[in-house]
Number of protein chains: 2
Amino acid sequence: MNMTNHEQRLLSRNIQPTAMRIRILSFMVENKSALGLPDLEETFTHADRTTLYRTLKTFLEHGLVHQINDASGITKYALCSENCTCSYPDDVHVHFYCTSCEQTFCFPHLGIPHYDLPENFIPSHGSFVITGSCPSCSS
Amino acid sequence: MNMTNHEQRLLSRNIQPTAMRIRILSFMVENKSALGLPDLEETFTHADRTTLYRTLKTFLEHGLVHQINDASGITKYALCSENCTCSYPDDVHVHFYCTSCEQTFCFPHLGIPHYDLPENFIPSHGSFVITGSCPSCSS
DNA sequence: TATGTTATGCAACTCAATTGCAAAGATCAG
DNA sequence: CTGATCTTTGCAATTGAGTTGCATAACATA
Ligand SMILES: [Mn+2]
Ligand SMILES: [Mn+2]
Ligand SMILES: [Zn+2]
Ligand SMILES: [Zn+2]
């Protein structure tokens, strides 16, 4: 649809908007849950795994997506909000991993509390994941 | 030392206290940080990887340890407190993953807040990990 | 001791993640 | 437009965590 929109979104993060990257960004925008490399492999069968891998890595390094470590053994990625800088704790929110369908969801409205960490523990990121059953799977 | 103590701890979780399991439990008690399978492999070079793997699995299934998914790509395990049932949210606490030494620490005194999840999301577990630099590494 | 159950060891395999290198494509100065 | 340069993509191979099937050893129990 409005590819120019996606191009600008990439450019705003200093990512060269190649055809491949626009297609992957588009897919992530349309998708409701976080995505892992295997998900992209299934969808973009024509593209090489390495390209998909490096695309996610580029997106992550430029702050277009954030990383989620759920219990699936697959590193998931989800789009950041427009003004997100992935800073701790303000831009960190809770995620939900469904053990049944193995999908991971962002809960951007659920922030994390401030923690007084023990002396000399310096935080920089956070991954807060609640595991359970999603609406589609909690019959 | 007091091996009988460890034996009782295993028995209280309905785990047969074999020599191997007592040795691994002992190692986990002495260790300050959470441990992954590769850590056990390095330490128990005489034992088979599968045995170590299944020991961790048994410990987990019987609630002797809890699981932590940090950004290391290695599933970590840490001992539960005596009366822990790993129930959400009461027995869930914050963890800290140091990207420098790749060690993961339990912060049992830092609990997690109650979250009002969206409709029909049923929680059962939680993995809350703050990433950064630990005292030894934040020079 | 005899018998059934559980734990351990060995070997093989799956799969996500990662790297080196070569080819293709884009960018830019002249 | 042309050639040099940089970036992106594709291909091939490897690493390493996790997992499984099956055989054997150790253990428990009668
Ligand atoms: Mn998210
Ligand atoms: Mn813990
Ligand atoms: Zn689900
Ligand atoms: Zn450290």
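When reading the values below, keep in mind they use all heavy atoms of this one structure, side chains included, and skip hydrogens, waters and symmetry mates. In what follows, every chain begins at residue 1, and chains take the letters A, B, ... in the order their sequences are listed.
Proximity of a side-chain donor or acceptor of A:N69 to a complementary backbone N or O of B:N69 within less than 3.5 Å is not detected.
Atom CG in B:N69 sits about 16 Å away from atom P in C:dA16, given to the nearest Å. If you take CD1 of B:I68 and C1' of D:dA17, they are 17 Å apart, rounded to a whole angstrom. As rounded to whole Å, 11 Å separates atom P of D:dA28 from atom CG of B:L11. If you measure from atom CG of B:N14 to atom P of C:dA7, you get 12 Å, rounded to the nearest angstrom. The CD-P distance, from B:E61 to C:dA7, rounds to 11 Å in whole Å. D:dT29 atom C1' lies 12 Å from atom CD of B:Q16, rounded to whole Å. One interatomic measurement links the two molecules: CZ of A:R23 to P of D:dT8, which rounds to 15 Å at whole-angstrom precision.
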Could you give me the CA-CA distance, side-chain angles and deciding distance for A:F105 and B:F121, then say whether ring pair (Phe, Tyr, Trp, His ring centres under 6.0 Å) is met? CA-CA 10 Å; A:F105 305 90; B:F121 280 91; 5.6 Å; yes
Decide side chain to side chain donor-acceptor pair (under 3.5 Å) for A:H125 and A:H66; before the verdict, give the C-alpha distance in whole Å, the side-chain angles of both, and the deciding distance to 0.1 Å. CA-CA 10 Å; A:H125 295 291; A:H66 56 280; over 6 Å; no
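At the phosphate of D:dC27, neither OP1 nor OP2 sits under 4.0 Å from any side-chain N or O atom of B:T18.
Smallest separation of non-hydrogen atoms from B:P113 and A:Y115: CD-OH, 3.7 Å. Taking each heavy atom of A:I122 and B:F96 in turn, the nearest pair found is O-CZ, 3.6 Å.
Counting heavy atoms from C-beta on, the side chains of A:D70 and A:T131 never come closer than 4.5 Å. Taking the side chain as every heavy atom from C-beta outward, A:S12 and A:Q8 never approach each other to under 4.5 Å. With contacts defined as side-chain heavy-atom distances shorter than 4.5 Å, the pair B:V29/B:L79 qualifies. Counting only heavy atoms from C-beta outward, the side chains of B:L10 and B:Q16 never approach each other to under 4.5 Å. Residues A:T58 and A:R21 are in side-chain contact: their nearest non-hydrogen atoms beyond the backbone lie under 4.5 Å apart.
Near DNA chain D, defined here as any heavy-atom distance below 4.0 Å, the residues from residues 70-77 of chain B are B:G73, B:I74, B:T75, listed numerically. A heavy atom lying under 4.0 Å from DNA chain D marks the following residues of residues 40-60 of chain B, by number: B:R49, B:T50, B:Y53, B:R54, B:K57. Taken residue by residue, residues 30-38 of chain B places heavy atoms nearer than 4.0 Å to DNA chain D at B:L37, B:P38.
Between B:N120 and A:S138, the side chains place no donor N or O within less than 3.5 Å of an acceptor N or O (distance only, hydrogens not considered).
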